[in-house]
Amino acid sequence: MTLGLSVIGLLVLLALGAHVGTAMGLISSGMVMSVDGVPLTVVAQTAFKSINSYPLMAIPMFVLMGNLMMRGNIVAVMIELIGSLVRCVRGGLALTVMLSCVFFAAVSGSSVGSAAAIGAATVDGLKREHYPPRFSAALVAVGGTLGLMIPPSLGFILIGSIVGIPVDKLFVAGILPGLMEAALLLLTTIYLTRRYGYGDTTGKPDLAGFAKRLPRAAGALSMPVIVLGTIYLGIFTPTEVSAVAAGYAALLCVVVYRTMNWRGVWLASQESILQSTMIFMVVMGGSLIGFILARMGVSASLIGAMESMDMSAWQFLLLANAVLLVLGMFLDGVAMIVLTAPLLFPMATHLGIDPVHFAVIMVANVEVATLTPPIGLNLFVMSGIARIPVEQVARGVVPFYLTRLISLALITFVPAISLTLVS
C-alpha cells in the first residue's frame, strides 16, 4: 500500500513540474517516516553518503569539459576536417555530422550536450544543402545518444558508483558497443540519404584541405586519446583524468583555438556546477528510495518472485529491457539509472549475468530513452535548434529508432560485444 501510494505521489509531483531529484527526495522522506524503527536522521545520512563518492567526483569535471568543448565551438574544427574527406559522396554532410557525433561523444559524456553542440553547428548547413529539417534534426538527435555509450560516459560513472563496479572497467566495456552503434547509424544514414537523394556532392575528396586542417585539429583529436589512453594504461583513474581533461579543454579553447576567453571559462564553470548539482540531487533522491525499498524487503521479494517463476537469464533480460524502455518514456536517464540499478543488478547477478554486461545494457536503454516521446530530451533539444515541432523530430527519428533497437538486441544477447576488451 505504501509503495503504491509513493509511486502515485512521485508521478503527481513530476506531472506538476517538480524537479525529479526534489520529487524523489520528498517521496522517500515520506516513506522513511512511514516505516517503523527508521529514524528521520537516516534521510540526511543516506543522502550525504550517496554523493560522498570518489567516482562521482568525476561528473563535475567531465560536465565542465563537455561545456568547454561546446562553448569553444571545437566541433566546427572537427566538422571541417571530417567533411574534407566524406563530403564528396551522396549525403556526405549527413555522414560528416554522424562522424562528428562519434568524436564529440568521446569528449562530452552527455547525450543532450552532444546533440546541442553538433546541432547548433550543423543544422543551418544541412538546410543549405536541402536536407529536410525533420531528417536533419533526427540525425543529430540520434547521433547525440552516442555520448552516453562511448566513454567518458556519465551513465557509466553513475552505475559504477551505485553498484560498486570500477568505472574504468565500464568505460572500456563501452568502447566496442559504442563503435558498433556508430557503424549501424552510419549505415542507416547512407541508406536514407541514397534512397531519398539527400544532400549535394563535391566530386572528390579534398585531400589538400584535409592535410591543411589536420594540424589545427590535432589538439581536439588528442582529447579522446588523453581520456581513454591514460585510463586504459592505468596512468590516471577516471576521476583524475576528468580534471586533467577539463584543464586541457580550457587551454584548447583559450590558448590554442582562441574561441573563448577566461571569462567564458568561468561562465562554463558556473553552468557546469548547476548541471552537476541537478545530477547529484537525483542521486540523493534515488539513493533514499533505494534504501527504503531495501529496508522494506522489495529487492528480496523480487528475487523470490523471479525464483518462483523459474525465470532464465534471457527471459529476465527481455523483461528488464521492456521495463527500462517503458520507464524511459517518463524518466530522464539519470533518474532511470538511480531508481532501477539497485533493484535490477541484484536480480541480474543472481541469474549469473555479468554486471559489466548488464551495465552496458542499461546504458543502451538510456540512449533509446532520450529518443522516446513524451520525455525524450534529445527530441526537445533538436526541436528548439531546428525550430520545428517536436513531433516532426520524432517522426524523423523512426528509421534510426529501429536501428537503435537492433543495437540494443545485439548488446543484450551478444555479451562478447561488451566484455571482449574487459576480459
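Values below: all heavy atoms of this structure, side chains included; hydrogens, waters and symmetry mates excluded.
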Side-chain heavy atoms of Val368 within contact of Tyr401, under 4.5 Å: yes

Step by step, would you call Val381 with Val140 a side chain to side chain contact (heavy atoms under 4.5 Å, CB included)? CA-CA 10 Å; Val381 169; Val140 180; over 6 Å; no

Are the side chain of Thr145 and the backbone N or O of Val142 linked by a donor-acceptor pair below 3.5 Å? yes

Does the side chain of Tyr131 come under 3.5 Å of the side chain of Thr193 through a donor N or O and an acceptor N or O? no

Could you check whether any side-chain N or O of His357 sits under 3.5 Å from a backbone N or O of Ala173, counting only pairs where one atom can act as donor and the other as acceptor? no

Considering all heavy atoms of both residues, which atom of Ile51 and which atom of Phe280 are nearest to each other, and what is their separation? CG2-O, 4.0 Å

Does Glu240 use its side chain to pair, donor to acceptor, with the backbone of Thr237 at less than 3.5 Å? yes

So do the side chains of Phe171 and Ile157 get within less than 4.5 Å of each other, counting heavy atoms only? yes

What pair of heavy atoms forms the shortest contact from Ile231 to Val241, and how long is it? CD1-CG1, 3.7 Å

Pair Asn321-Thr412, side-chain donor/acceptor within less than 3.5 Å: yes

Can you check whether Thr239 reaches Leu56 side chain to side chain, under 4.5 Å on heavy atoms? no

Note, Leu325 side chain near Leu408 side chain (heavy atom, < 4.5 Å): yes

N/O donor-acceptor pair under 3.5 Å between Ser383 side chain and Leu379 backbone: no

Taking the side chain as every heavy atom from C-beta outward, state whether Lys127 and Ser136 have any pair of such atoms under 4.5 Å apart. no

If I take atom CG from residue Leu324 and atom CE from residue Met329, how far apart are they, to the nearest 0.5 angstrom? 13.5 Å

Partners of Asp124 by salt bridge (charged side-chain N to carboxylate O under 4.0 Å, His left out), sequence neighbours excluded? Arg387

Enter the distance from Leu214:CG to Glu80:CD here, rounded to the nearest 0.5 Å. 13.0 Å

How close do Pro346 and Ala341 get, heavy atom to heavy atom, and via which atoms? CD-O, 3.9 Å

Verify side chain to side chain contact (heavy atoms under 4.5 Å, CB included) between Val360 and Met149, making sure each step is shown before the conclusion. CA-CA 8 Å; Val360 176; Met149 182 65 73; 3.8 Å; yes

Let me confirm one number: the OG-CD1 distance from Ser100 to Ile118, rounded to the nearest 0.5 Å. 5.0 Å

Considering all heavy atoms of both residues, which atom of Gly155 and which atom of Ile337 are nearest to each other, and what is their separation? CA-CD1, 3.9 Å

Do Thr188 and Thr403 pass the side-chain hydrogen bond (donor to acceptor under 3.5 Å, both in side chains) test, and can you show the C-alpha distance, the side-chain angles, and the key distance before you say yes or no? CA-CA 7 Å; Thr188 305; Thr403 303; 2.8 Å; yes

With a 4.5 Å limit on heavy-atom distance, are the side chains of Leu185 and Val102 in contact? no

Using modelled atom types only, decide if a donor and an acceptor are shared between the side chain of Tyr248 and the backbone of Ser222 within a distance under 3.5 Å. no

Phe345: ring-ring contact (aromatic ring centres under 6.0 Å, His included) partners, not counting sequence neighbours: Phe358

Donor-acceptor side-chain pairing of Ser53 and Ser161 below 3.5 angstrom: no

Glu181 vs Arg404, test: side chain to side chain contact (heavy atoms under 4.5 Å, CB included). Steps then yes/no. CA-CA 7 Å; Glu181 291 175 338; Arg404 270 272 169 238; 3.2 Å; yes

Quiz question: by atom type and distance under 3.5 Å, do the side chains of Ser272 and Gln275 form a donor-acceptor pair? no

Do the non-hydrogen side-chain atoms of Pro151 and Ile175 ever get within less than 4.5 Å of each other? yes

Nearest 0.5 Å, please: how far is CG in Leu139 from SG in Cys101? 6.5 Å

Check Glu271 with Arg71, please: is the shortest side-chain N to carboxylate O separation under 4.0 Å? yes

Would you find a donor on one side and an acceptor on the other, under 3.5 Å apart, between the side chain of Gln392 and the backbone of Pro389? no

Side chain to side chain, Val123 and Met382, heavy atoms closer than 4.5 Å: yes

May I ask you to decide if Leu148's main-chain N or O and Ser153's side chain share a donor-acceptor pair within less than 3.5 Å? yes

On a heavy-atom basis, the closest approach of Phe156 and Gly174 is CE1-CA, 3.9 Å

Kindly indicate, with the supporting measurements, whether the criterion side chain to side chain contact (heavy atoms under 4.5 Å, CB included) is fulfilled by Met69 and Phe104. CA-CA 9 Å; Met69 299 288 276; Phe104 208 79; 3.9 Å; yes

dist Phe413:CZ -> Leu318:CG (nearest 0.5 Å) comes out at 4.0 Å

Can you give me the closest heavy-atom contact between Thr420 and Leu176, atom names plus distance? CB-CD1, 4.0 Å

Can you tell me how far the OG1 atom of Thr340 sits from the CD1 atom of Ile162, to the nearest 0.5 Å? 8.0 Å

Flag yes if more than 12 heavy atoms outside Tyr191 fall under 6.0 Å of its OH atom; otherwise flag no. no

